[in-house]
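Since the structure is predicted, the reported quantities are computational estimates derived from the model, not experimental observations. For the single chain, residues carry numbers from 1 onward in sequence order.
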Amino acid sequence: MVMSIRIYSIEYLAPVSPVVWQSLLTLLPGELLQKVEKYRRWQDAHGCLFGKHLLTAALREEGFPGDLSRLEYSAYGRPFLAGGPDFNISHSGTRVVCILGAQGGVGIDLEEIRDLDIGDFKSQFSGLEWEAICSARQPLRAFYHYWTAKECLSKADGRGLNLPLADLKIEHNTQVRLADRCWNLLPIPHFEGYACHIATEEPIHAPALKEFDVSEIIERVI
């Protein structure tokens, strides 16, 4: 049985060789292959590809089949494994994270902290959230704090873009109820240069974290 909550991660600082890239691609089911190929920046394409193989490695690590051809999809397009743990993947910059949870739903969002005009996103926050962002000692980091909290919540819920971020009022809450489900929000501070949040139905204070390197993932799946 998979432990309650575990986060897996990988950082890739350079593109893999064309031979390895092709080998990793050919292991994916057709629908996942198409998702990888839609990206133009190598960082995004690698993030998408490594995300799928990180999930495979994580499932096998916890004693589950790593066959992604068994993936099914909800009415909103959220992937799941019948009879398996809930999972969620996020990638940004040159890092991928994957969360597994055995009891209830899970969601994760990772964002590289980079300069942007946060004013362009004001409409996505409540008045209290925007005030907290603008009054923070580091408004940019506060922006990413709230943004990743909202994103992981929408991903855990499963409705994604059908659930506008403006409707998700995080404010000062560490628990948020959506429909008939209660979600626990927890920031994950382990990744330097990134903001990360998880949402879980199961209460948790310190999820386990396992870091893979690129060679490990390649060896495990090829």
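Note on F87: it clusters hydrophobically with Y73, by side-chain heavy-atom contacts below 4.5 Å among ILVMFWY residues. Residues L13 and V20 fall into different hydrophobic clusters, defined by Ile, Leu, Val, Met, Phe, Trp and Tyr side chains chained together at heavy-atom separations under 4.5 Å. A single hydrophobic cluster is not seen to contain both W183 and I5; linkage of ILVMFWY side chains at heavy-atom distances under 4.5 Å, directly or through other members, places them apart. F80 and L68 fall into different hydrophobic clusters, where Ile, Leu, Val, Met, Phe, Trp and Tyr are joined by side-chain heavy atoms under 4.5 Å apart, directly or via other members. Cluster membership check: Y39 does not share its hydrophobic cluster with L54, using side-chain heavy-atom separations under 4.5 Å among Ile, Leu, Val, Met, Phe, Trp and Tyr.
In this structure, S9 and R95 have side chains that are in contact, with non-hydrogen atoms separated by less than 4.5 Å. When side chains are defined from C-beta on, L116 counts as touching L140, because their heavy atoms get closer than 4.5 Å. I217 places a side-chain heavy atom less than 4.5 Å from the side chain of F50. At a threshold of 4.5 Å between non-hydrogen side-chain atoms, the residues W21 and P15 do not count as touching. For the pair T174 and N184, the minimum side-chain heavy-atom distance is 4.5 Å or more. C134 has its side chain out of reach of P139: every pair of non-hydrogen atoms, C-beta onward, lies at least 4.5 Å apart. Taking the side chain as every heavy atom from C-beta outward, I10 and V214 approach each other to under 4.5 Å. Using a 4.5 Å heavy-atom threshold, the side chains of C182 and V176 count as separate.
Applying the 6.0 Å contact sphere to CG of D117 captures more than 12 heavy atoms from other residues, nucleotides or ligands. By the neighbour-count criterion of 12 heavy atoms within 6.0 Å, atom CZ of R114 is sparsely surrounded, having that number or fewer from other residues, nucleotides or ligands. Residue E131 qualifies as open at atom CD: its count of foreign heavy atoms under 6.0 Å is 12 or below. The number of heavy atoms from other shown groups lying within 6.0 Å of CD (E211) is above 12. More than 12 heavy-atom neighbours from other residues, nucleotides or ligands sit within 6.0 angstrom of CD on E72.
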### Query
Going through the distances and angles, do V97 and F191 end up as a side-chain contact (heavy atoms from CB on, under 4.5 Å)?
CA-CA 10 Å; V97 288; F191 310 115; 3.7 Å; yes
### Message
Please evaluate residues Y12 and H91 with respect to the criterion ring pair (Phe, Tyr, Trp, His ring centres under 6.0 Å), reporting the C-alpha separation (whole Å), side-chain torsions for both, the decisive distance (0.1 Å), and the verdict.
### Response
CA-CA 11 Å; Y12 48 98; H91 65 89; 8.1 Å; no
### Task
Show the numbers, then the answer: is there a side-chain contact (heavy atoms from CB on, under 4.5 Å) between T200 and L185?
CA-CA 7 Å; T200 67; L185 294 173; over 6 Å; no
### Query
Yes or no on side-chain contact (heavy atoms from CB on, under 4.5 Å) for L25 and V36, after CA distance, side-chain angles and deciding distance?
CA-CA 8 Å; L25 275 180; V36 175; 3.8 Å; yes
#### Entry: Verdict with reasoning, L165 to L168, per side-chain contact (heavy atoms from CB on, under 4.5 Å)
CA-CA 5 Å; L165 295 187; L168 300 176; 4.1 Å; yes
### Query
Run the side-chain hydrogen bond (donor to acceptor under 3.5 Å, both in side chains) check on R159 and S154 step by step: do they pass?
CA-CA 6 Å; R159 283 176 281 178; S154 71; over 6 Å; no
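In summary, D86 and R78 engage in a salt bridge, as defined by a charged side-chain N under 4.0 Å from a carboxylate O. Salt-bridge annotation for D44 and R41: present, with a side-chain N of the basic residue lying under 4.0 Å from a carboxylate O of the acidic one.
F212 contributes atom CZ, which lies 4.0 Å from atom CZ of R220 (distance to the nearest 0.5 angstrom). Atom OG1 of T148 is separated from atom NZ of K155 by 10.5 Å, given to the nearest 0.5 angstrom. Interatomic distance, I204 CD1 to Q103 CD, rounded to the nearest 0.5 Å: 10.0 Å. Atom CG in D157 sits 11.0 Å away from atom SG in C152 (nearest 0.5 Å). Going from atom CG of L55 over to atom CG of L100 covers 6.5 Å, rounded to the nearest 0.5 Å. Distance check, rounded to the nearest 0.5 Å: CG of D109 to CD1 of I198 gives 12.0 Å.
For the pair V106 and G101, the tightest heavy-atom approach, listed with the atom from each and the gap, is CG1-CA, 3.9 Å. Pairing each heavy atom of G51 with each of I89, the nearest pair is O-CD1, 3.4 Å. The minimum heavy-atom distance between A132 and Y146, with the atom names listed, is CB-OH, 3.5 Å. The shortest non-hydrogen separation linking P164 to N162 is CD-O, 3.5 Å. Between L28 and K52, the shortest heavy-atom distance links the atoms CD2-CB, 3.7 Å. Across I108 and N88, no two heavy atoms sit closer than the pair N-OD1, 2.9 Å.
With 3.5 Å as the limit, one finds a donor-acceptor pair spanning the side chains of Y8 and E62.
Remark: P187 pairs with H145, H197 by the side chain to side chain contact (heavy atoms under 4.5 Å, CB included) rule, at least two apart or across chains. Contacts of R181 classified as salt bridge (charged side-chain N to carboxylate O under 4.0 Å, His left out), with partners at least two apart in sequence or in another chain: E201.
Note on ring orientation: taking the six-membered ring where Trp is involved, the planes of F125 and W147 are tilted (angle from 30° to 60°).
Looking at K122, Q124, K169, K150 one by one, the single match for side-chain hydrogen bond (donor to acceptor under 3.5 Å, both in side chains) with E129 turns out to be K150.
In this structure, the side chain of E219 does not engage the main chain of E216 through any donor-acceptor pair within 3.5 Å.
Ring centroids of F143 and F121 are separated by less than 6.0 Å, placing the two rings close together.
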